[in-house]
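Reviewing the structure listed below.
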2 protein chains.
Amino acid sequence: MSQETYTIGQVATRFNLSVSTLRYYDQEGLIPNLTKDQAGIRRFNNENLEALQVVECLKTSGMSIKDIKQFMQWSSEGDETLAQRLTLFQKLREHLESQLDLLERNLRVVDYKCAYYGQAVEDGTEARVKQTGQSIREIANH
Amino acid sequence: MSQETYTIGQVATRFNLSVSTLRYYDQEGLIPNLTKDQAGIRRFNNENLEALQVVECLKTSGMSIKDIKQFMQWSSEGDETLAQRLTLFQKLREHLESQLDLLERNLRVVDYKCAYYGQAVEDGTEARVKQTGQSIREIANH
DNA sequence: ATAATGTCTCAAGCTAACTTGAGGTCAAGC
DNA sequence: GCTTGACCTCAAGTTAGCTTGAGACATTAT
């Protein structure tokens with residue numbers, strides 16, 4: 001377990017976030033137990049970095065800052081909130097599954113569009129490929 | 001080819017969008033060739049509905065209104081813009097693939113969290129399951 | 001007839017998630 | 001010793017994507 005700490009600038013680089021975004025997250029309570037040194041400078045430790053990993057996962061899964069904050073609060077409230085946290089992740093799993101489903105359908109449509117416009121560009125015109133075109137719904141529904 | 005038309009309310013219901021959202025889309029140029037009757041009421045025909053299908057696909061793939069509008073404009077400019085439209089869909093395909101990748105990684109993390117909190121709830125405490133816990137990065141990277 | 005329902009425009013309002021700017025501290029390098 | 005760069009706070013500004021509200025017609029149900 002390393003005792004090392006990192007500055008906000010280092011963390012920003014590592015997570016590919018801006019410094020002001022990190023300060024905003026701190027302010028919004030997404031990084032529990034983040035402390036400042038005697039000069040008032042934020043010192044990120046490993047626990048903070050792990051929290052940030054979770055934040056990134058939740059954020060890119062579509063969760064709002066407010067809901068992520070709620071989760072972080074529950075986490076710091078101990079065993080009393082275990083059920084809420086379980087429920088949150090179960091809902092998130094369902095959400096992710098339907099997201100994946102949607103994106104896969106979209107990918108099929110986009111693949112078709114690539115083929116369509118690929119042919120059209122080859123032909124120099126949309127006219128021919130337009131004739132044989134399928135509707136989007138046909139493609140999306142496999 | 002049906003000649004039928006639909007009111008904004010009917011379309012809103014069918015697409016699960018609000019009436020004001022549809023008006024906003026129209027205003028932003030996402031629905032080419034949408035016409036109004038003598039009373040000034042929007043009449044959606046099949047072409048408009050198909051455009052709306054595309055809008056939904058692009059939107060849920062993460063494209064901005066502005067970029068969707070650009071695509072719709074290109075579409076109505078004819079064969080001169082075929083190359084741009086092809087490029088757009090090729091980029092979108094890449095975007096979708098990395099989106100899918102990310103969400104799949106997130107799903108693995110969330111699955112782990114479900115198992116973690118499932119056990120914790122059973123135990124009545126996080127203490128035990130915390131011992132054996134893996135780091136997020138381990139899970140996300142398979 | 002009258003009231004409810006659905007449509008319209010146009011302008012203003014709203015929320016989320018940041019970003020920017022002013023004004024200030026501190027440590028390191030020249 | 002002074003400037004540069006990284007950090008700080010706090011308040012205000014920004015952008016996207018809608019939503020809401022006021023005021024007005026027109027068609028349908030009672």
**Message:** Just to verify, what does B:Asp67 make a salt bridge (Lys or Arg N to Asp or Glu O under 4.0 Å) with, not counting sequence neighbours?
**Reply:** none
**Complete:** Quick note, ring-ring contact (aromatic ring centres under 6.0 Å, His included) partners involving residues 20-39 of chain A, not counting sequence neighbours, are none
**Asked** Can you list every pair that meets ring-ring contact (aromatic ring centres under 6.0 Å, His included) and has a residue in residues 30-78 of chain B, with sequence neighbours left out?
**Response** B:Phe71-B:Phe89
**Prompt:** Quick one: salt bridge (Lys or Arg N to Asp or Glu O under 4.0 Å) partners of B:Asp123, sequence neighbours excluded?
**Reply:** B:Arg128
**Prompt:** Please, which pairs that meet salt bridge (charged side-chain N to carboxylate O under 4.0 Å, His left out) have at least one residue in residues 84-95 of chain B, sequence neighbours excluded?
**Reply:** A:Asp111-B:Arg93, A:Glu126-B:Arg85
**Prompt:** Whole Å only: how far is the CD atom of B:Glu28 from the P atom of D:dT15?
**Reply:** 15 Å
**Prompt:** Between A:Asn48 and A:Pro32, what is the shortest heavy-atom contact and its length?
**Reply:** ND2-O, 3.2 Å
**Complete:** Protein-proximity profile, nucleotides 16-25 of chain C, B/S/- by nucleotide at the 4.0 Å heavy-atom cutoff, equals -BBSB-----
**Request:** State which residues pass side-chain contact (heavy atoms from CB on, under 4.5 Å) with A:Ser76; sequence neighbours excluded, sorted by chain then number.
**Result:** none
**salt bridge (charged side-chain N to carboxylate O under 4.0 Å, His left out) contacts in which one or both residues fall within residues 16-44 of chain A, not counting sequence neighbours** = A:Asp26-A:Arg42, A:Asp37-A:Arg43
**Prompt:** Taking protein heavy atoms under 4.0 Å as touching, what does nucleotides 5-11 of chain D look like 5' to 3' if B marks base contact, S marks sugar-phosphate-only contact and - marks none?
**Reply:** --SBB--
**Request:** Find the distance B:Ile68:CD1 to D:dG17:C1' and express it as a whole number of Å.
**Result:** 11 Å
